Amino acid sequence: MKYGKLIKVSPDLPDAMAIAEATSILGLGGVVAFPTETVYGLGADAYSVDAVRKVFEAKGRPADNPLIVHIAEFDQVGELVKTIPPKATLLIQKFWPGPLTLVLERSSRIPDIVTAGLETLAIRMPKHAVALTLIKTFGRGIVGPSANLSGSPSPTKAEHVQTDLGDRIDMILDAGPTQIGVESTIVDVTVDPPMILRFGGLEQERIEEVIGEVRTTSDNRFLKRSPGTQHRHYAPRAKVVLFEEGNVHRFTNLLQEYQFDGRKLGCIIHSQQLMRFKSYLDCFVVMGSIQSFSQNLYDTFRQFDQRGVDLILVESVSEKGLGAALMDRIKRAAANGSLSTKEVVH
Ligand code: TXA
Ligand code: MG
């Protein structure tokens, strides 16, 4: 068995020796977890079938869920795709490096295992010095799914990677907590108007400022979606229940409904109206902005799980800007959670 090797690096100026070691592991077909501005990724040589297979195995990821190729230089896109539509060029110029993944028509350079046999390929250039230095030094694209066990919340700290995958991968580059905390926005630019397949760190409004109107999968539920969005995702073990922002009445009703029976309750709240409950329950209070909510969401889910919380009441936010991504993840978690094994055992 291999043991994960966690190496601390500066997020702004990573140590050359650490990068050299990580690069040599990638060169040998190994797997290295690395930080990005969204969440930690699980890196492996995108051109090696064996290396990519190890990533699927380590995560326990279904083979029909394709991976994003991460690049560090603009000229690395050319050989991966057939064409770059004009709107894709605009988005690349404006938002790369950054939390935007583009789905393009693929060339045959990347092995089928990466795209799960699809004719398209997802590509992104992360905005993080460690990720960019790693990929530049390695010299070609690396796959980078979120570095969590399939089905659990994406890792926003190296410790999360260690917990999920520490004994299954070769190295973890630890650059501290990630800045955005939810995954990249995925835009399919093979269709016009382009379509958002997954809300994420780059707001729809900012995309539309550059290329005009985009569609979203919620516009038409029969349109294709990102394969991964159909799998169980982003869910803590605890059951998640969303309630309307500032609705004290609903919150207290939920407390009454669930609090008997010795269940452990937690909550994530942010509005003034709810603050009076914060010392009464195990609560995470979001301080300040929606950015801080998104930075802390997955870590908070994991902490509640560690403390054995059975039910998490989450106060909703408006689905504008980053709120769209945040609410998407919380709703998925709410749809997935089960009310602990306790309930089944009783
Ligand atoms: O922020 C992120 O994107 C992070 C960091 C590490 O870069 N990565 C990430 O990768 O979230 P992953 O594998 O956890 O999620 C990738 C999503 C999956 O839902 C997958 O189905 C979708 O991208 N995807 C990959 N290739 C696709 C394609 N060709 N067409 C449509 N969706 C695709
Ligand atoms: Mg993921």
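Every number for a ligand or one of its atoms is a count from 1 in the order of the listing. The structure presented is a predicted model; accordingly, all values stated were derived computationally and were not measured.
Residue-to-ligand polar distances place Arg61 within reach of ligand 1: an N/O pair is separated by less than 3.5 Å. Residue contacts with ligand 1: Ser184 is placed with a nitrogen or oxygen under 3.5 Å of a nitrogen or oxygen of the ligand (distance criterion only). Close N/O approach between Ile186 and ligand 1 is not found [any backbone or side-chain N/O within under 3.5 Å]. Looking at Tyr40 next to ligand 1, no N or O pair under 3.5 Å apart turns up. Of the polar atoms of Arg198, at least one N or O is found under 3.5 Å from an N or O of ligand 1, judged by distance alone.
In this structure, the side chain of Lys87 does not engage the main chain of Val189 through any donor-acceptor pair within 3.5 Å. The backbone N or O of Lys54 lies less than 3.5 Å from no partner atom in the side chain of Arg168, so there is not a single donor-acceptor pair. The main-chain N or O of Pro85 is never found under 3.5 Å from a side-chain atom of Thr83 such that the two would form a donor-acceptor pair.
The closest side-chain heavy-atom distance from Val161 to Ile169 is below 4.5 Å.
With ligand atoms numbered from 1 in the order given, ligand 1 contributes 6 (C) to contacts under 4.0 Å with heavy atoms of Gly41. Taking every non-hydrogen atom of Val39 and a distance limit under 4.0 Å, the qualifying atoms of ligand 1 come out as 4 (C), 5 (C), 6 (C). Near Leu197, the atoms of ligand 1 lying under 4.0 angstrom from a non-hydrogen atom of the residue are 31 (C).
Residue-level proximity to ligand 1 for Arg124 is carried by the side chain, the only part with a heavy atom below 4.0 angstrom. Heavy atoms from both the backbone and the side chain of Thr120 come within less than 4.0 Å of ligand 1.
Scanning for side chain to side chain contact (heavy atoms under 4.5 Å, CB included) contacts around Ala51 gives Ala44, Asp45, Ser48, with sequence neighbours left out.
Between His70 and Phe34, the angle of the ring planes goes over 60°, which puts this pair in the perpendicular group of the 30/60° scheme.
Note on residues 265-331: pairs passing disulfide bond (SG atoms under 2.5 Å apart), not counting sequence neighbours, are Cys267-Cys283.
Backbone or side-chain N, O or S atoms of Ser154 do not reach the Mg ion (ligand 2) at under 2.8 Å.
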